[in-house]
S.K.: 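To start, I am sharing the structure in question, which I have written as structure tokens.
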Amino acid sequence: MADEKATRDAAPQRQLSLVIKNGRRTPEEVADQRLSTFERLHLENEARLEALGNGTDTRGFITRTLVQTTLPYREPKVEEHPNGFARRFQSFSLIIQAGSYTKTVEKVKGGRTVLETETRSYGFPYGSTPRLIVAWLCSEAMRQQSRIITLTDSQASFMRAIGMKNSTGGVRGTNTLLKDAMQRLFTARIITTSDRDAQKWRNGQFTIADDVELDDAIPWWAEDASTDRAPAWSSQINLSEKFYRDIVRSAVPVDLHVLKALHKSPMAMDIYSFMTWVNAFIEKPMELSWEGMAAQFGTSAQATRSFKQKWLEALAKVQVFYQPQVQVERTKLIILPSAPDVPKLQRKG
């Protein structure tokens, strides 16, 4: 029994290549506490390796803008971020402003019922689902070399394509969550800007798409559209010119199977994308302070020690699939040069 336990406990640890210095917790401790999660991830990795061995192309892309700086992990309250939700990487900032819509409501004033129009917020895009949608859109844009992306012929097949395995109805079902995530993502305005005192100041604004057509005449997210036997839905997304240009100019190659396998941890998804991007170009160790990384991956209200612990836990999940070499110290993370998980594209000419 003791030998069986030793073998079981060692399995996740063999995937880890962290060098820990002055850390409070080791990756082995993290792996032991997340054993059921690691067992699932190891099964996912076995399926990935089998698919690669059979010649399946699992390569996809994400625009560099959303690799350097990322979406929220949990839903931020719009009223607490009146100027937008912000992430920061070095001197580069990304600010997300939530989209709005109007709704006519009944109100009682002076004993009379009157109709008034209210402006309401869709809310910020957050969590795994918009990340999966963005990765799919970027990959399709690169594959089709087109701004116009036609969605798959059924809701269920589209959900499988982006990595959502189950299609369920109801208020809290995956169909409703997908619709909500798409509305938040496609109505949000994204601002990228340099520090105000930067020598080379840059600023840009864009939306993910100029036009989005989701045909509600065919209720592709309704409860009765949860199988591939549902009617075909004629929906398409016209990516904005700025977003499409950003994809083509700075696409980061990733393994879509890995992103889908890590969907229960949005931070792990971001760490995976960031690490394979960084390792595509660094030639010497890259040092990042934990305070700076908290602004990039965490939230301003999160204590550095708490953020560091959560980040290392997420990194341990990533290293089931991809083992970037890093050194963890009390005040900083050092990324040591190693191969990217997916090689970068070779530019023609």
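Heads up: numbering here begins at 1 and tracks the sequence.
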S.K.: Got a donor-acceptor contact below 3.5 angstrom from the H263 side chain to the K260 backbone?
M.R.: yes
S.K.: Return the CZ to OG distance between R147 and S240, rounded to the nearest 0.5 Å.
M.R.: 7.0 Å
S.K.: Going by atom types only, do D255 and Y272 share a side-chain donor-acceptor pair under 3.5 Å?
M.R.: no
S.K.: Show the numbers, then the answer: is there a side-chain contact (heavy atoms from CB on, under 4.5 Å) between T129 and L177?
M.R.: CA-CA 8 Å; T129 304; L177 295 177; 5.7 Å; no
S.K.: Using atom types as modelled and distance alone, determine if a side-chain donor or acceptor of R87 lies under 3.5 Å from a backbone N or O of T70.
M.R.: yes
S.K.: Can you tell if the side chain of T193 reaches within under 4.5 Å of the side chain of W201, non-hydrogen atoms only?
M.R.: yes
S.K.: Could you state whether V108 and L115 fall into the same hydrophobic cluster, counting links through intermediate Ile, Leu, Val, Met, Phe, Trp or Tyr residues with side-chain heavy atoms under 4.5 angstrom apart?
M.R.: no
S.K.: Just so I know, are the side chains of I247 and F61 near enough to count as touching, which here means a heavy-atom distance under 4.5 Å?
M.R.: no
S.K.: Apply side-chain contact (heavy atoms from CB on, under 4.5 Å) to residues V318 and M275 and explain how you reach the verdict.
M.R.: CA-CA 10 Å; V318 172; M275 283 294 184; 5.8 Å; no
S.K.: Has the side chain of E140 got a donor or acceptor atom that lies under 3.5 Å from a matching backbone atom of W136?
M.R.: no
S.K.: Mind running salt bridge (charged side-chain N to carboxylate O under 4.0 Å, His left out) on R48 and D341 for me, showing each step along the way?
M.R.: CA-CA 13 Å; R48 172 207 185 196; D341 187 46; 3.0 Å; yes
S.K.: Can you check whether Q144 reaches I149 side chain to side chain, under 4.5 Å on heavy atoms?
M.R.: yes
S.K.: Test your reading of the model: is there a side-chain donor-acceptor pair from S139 to the backbone of A135, 3.5 Å cut-off?
M.R.: yes
S.K.: Does any non-hydrogen side-chain atom of P253 lie less than 4.5 Å from one of P340?
M.R.: no
S.K.: Applying a strict under-4.5 Å side-chain criterion to I, L, V, M, F, W and Y, I'd like to know whether Y126 and F186 cluster together.
M.R.: no
S.K.: Give the minimum heavy-atom separation between A268 and L262, together with the two atoms involved.
M.R.: O-CD1, 3.8 Å
S.K.: Flag the pair V212 / M182 as yes when at least one side-chain heavy-atom distance between them is below 4.5 Å, and no otherwise.
M.R.: no
S.K.: Excluding sequence neighbours, so at least two apart, what forms salt bridge (Lys or Arg N to Asp or Glu O under 4.0 Å) with E80?
M.R.: none
S.K.: Decide side-chain contact (heavy atoms from CB on, under 4.5 Å) for T37 and K317; before the verdict, give the C-alpha distance in whole Å, the side-chain angles of both, and the deciding distance to 0.1 Å.
M.R.: CA-CA 8 Å; T37 297; K317 296 172 185 175; 4.1 Å; yes
S.K.: Is there a donor-acceptor contact under 3.5 Å from the side chain of Q319 to the main chain of P324?
M.R.: yes
S.K.: State whether the side chain of S289 and the backbone N or O of G292 hold a donor-acceptor pair below 3.5 Å, judged by distance alone.
M.R.: yes
S.K.: Hey, what do you get for CG (D210) to CG (L239), rounding to the nearest 0.5 Å?
M.R.: 8.5 Å
S.K.: Check whether I95 and L66 end up in the same hydrophobic cluster, where Ile, Leu, Val, Met, Phe, Trp and Tyr are linked by side-chain heavy atoms less than 4.5 Å apart.
M.R.: no
S.K.: Start with the C-alpha distance between R88 and D195, add both sets of side-chain angles, then the distance that settles salt bridge (charged side-chain N to carboxylate O under 4.0 Å, His left out), and finish with yes or no.
M.R.: CA-CA 10 Å; R88 178 181 176 86; D195 284 349; 2.7 Å; yes
S.K.: Work out which heavy atom in K200 is nearest to a heavy atom in S194; give both atom names and the distance.
M.R.: O-OG, 3.8 Å
S.K.: If every non-hydrogen atom of F124 is compared with every non-hydrogen atom of I96, which pair is closest and at what distance?
M.R.: CE2-O, 3.1 Å
S.K.: Heavy atoms, side chains only, cut-off 4.5 Å: are V252 and T63 in contact?
M.R.: no
S.K.: Can you tell me if Q309 uses its side chain to pair, donor with acceptor, with the backbone of S306 under 3.5 Å?
M.R.: no
S.K.: Kindly determine whether E79 and K77 satisfy salt bridge (charged side-chain N to carboxylate O under 4.0 Å, His left out), including the steps that lead there.
M.R.: CA-CA 5 Å; E79 59 271 19; K77 295 182 179 179; 5.2 Å; no
S.K.: Are R184 and E75 close enough for a salt bridge, meaning some N to O gap below 4.0 Å?
M.R.: yes
S.K.: Checking K242 against D246 for the salt bridge (charged side-chain N to carboxylate O under 4.0 Å, His left out) test, could you report, in this order, the C-alpha distance in whole Å, the side-chain angles of both residues, the deciding distance, and whether it holds?
M.R.: CA-CA 6 Å; K242 286 188 176 180; D246 195 49; over 6 Å; no
S.K.: Are there more than 12 heavy atoms of other residues, nucleotides or ligands under 6.0 Å from atom CD of E118?
M.R.: yes
S.K.: Which distance, rounded to the nearest 0.5 Å, do you find between the CZ of R120 and the NZ of K103?
M.R.: 6.0 Å
S.K.: Just so I know, are the side chains of K264 and R40 near enough to count as touching, which here means a heavy-atom distance under 4.5 Å?
M.R.: yes
S.K.: If you define the side chain from C-beta out and look only at heavy atoms, does anything of M164 sit under 4.5 Å from L178?
M.R.: yes
S.K.: Distance only, no hydrogens: is a donor on one side chain within 3.5 Å (strictly under) of an acceptor on the other, for Y322 and N279?
M.R.: yes
S.K.: Could you tell me which non-hydrogen atom of L71 sits nearest to which non-hydrogen atom of P125, and how far apart they are?
M.R.: CB-O, 4.1 Å
S.K.: According to a 4.5 Å side-chain heavy-atom criterion applied to Ile, Leu, Val, Met, Phe, Trp and Tyr, with indirect links allowed, do I282 and V328 form part of one hydrophobic cluster?
M.R.: yes
S.K.: So does L256 get a backbone contact from the side chain of R59, meaning a donor-acceptor N/O pair under 3.5 Å?
M.R.: no
S.K.: Where is the tightest heavy-atom contact between P130 and L185, given as atom of each residue plus distance?
M.R.: O-CD2, 4.1 Å
S.K.: For the pair Q296 (side chain) and Q68 (backbone), establish whether a donor and an acceptor sit closer than 3.5 Å, ignoring hydrogens and angles.
M.R.: yes
S.K.: Which heavy atom of M267 sits nearest to which heavy atom of F297, and what is that distance?
M.R.: CE-O, 4.0 Å
S.K.: Ring centroid separation for F274 and F89, is it under 6.0 angstrom?
M.R.: yes
S.K.: Backbone N or O of E50 within a donor-acceptor pair of the N54 side chain at under 3.5 Å?
M.R.: yes
S.K.: Do Y101 and Y122 have ring centres separated by under 6.0 Å?
M.R.: yes
S.K.: Rounded at 0.5 Å granularity, tell me how far CD in Q325 sits from CG in L336.
M.R.: 7.0 Å
S.K.: Between atom CD1 of I191 and atom CG of L94, what is the distance when rounded to the nearest 0.5 Å?
M.R.: 9.0 Å
S.K.: Please evaluate residues E329 and W290 with respect to the criterion side-chain contact (heavy atoms from CB on, under 4.5 Å), reporting the C-alpha separation (whole Å), side-chain torsions for both, the decisive distance (0.1 Å), and the verdict.
M.R.: CA-CA 9 Å; E329 299 189 354; W290 287 113; 5.9 Å; no
S.K.: Rounded to the nearest 0.5 Å, what separates atom OG in S250 from atom CZ in R64?
M.R.: 4.5 Å
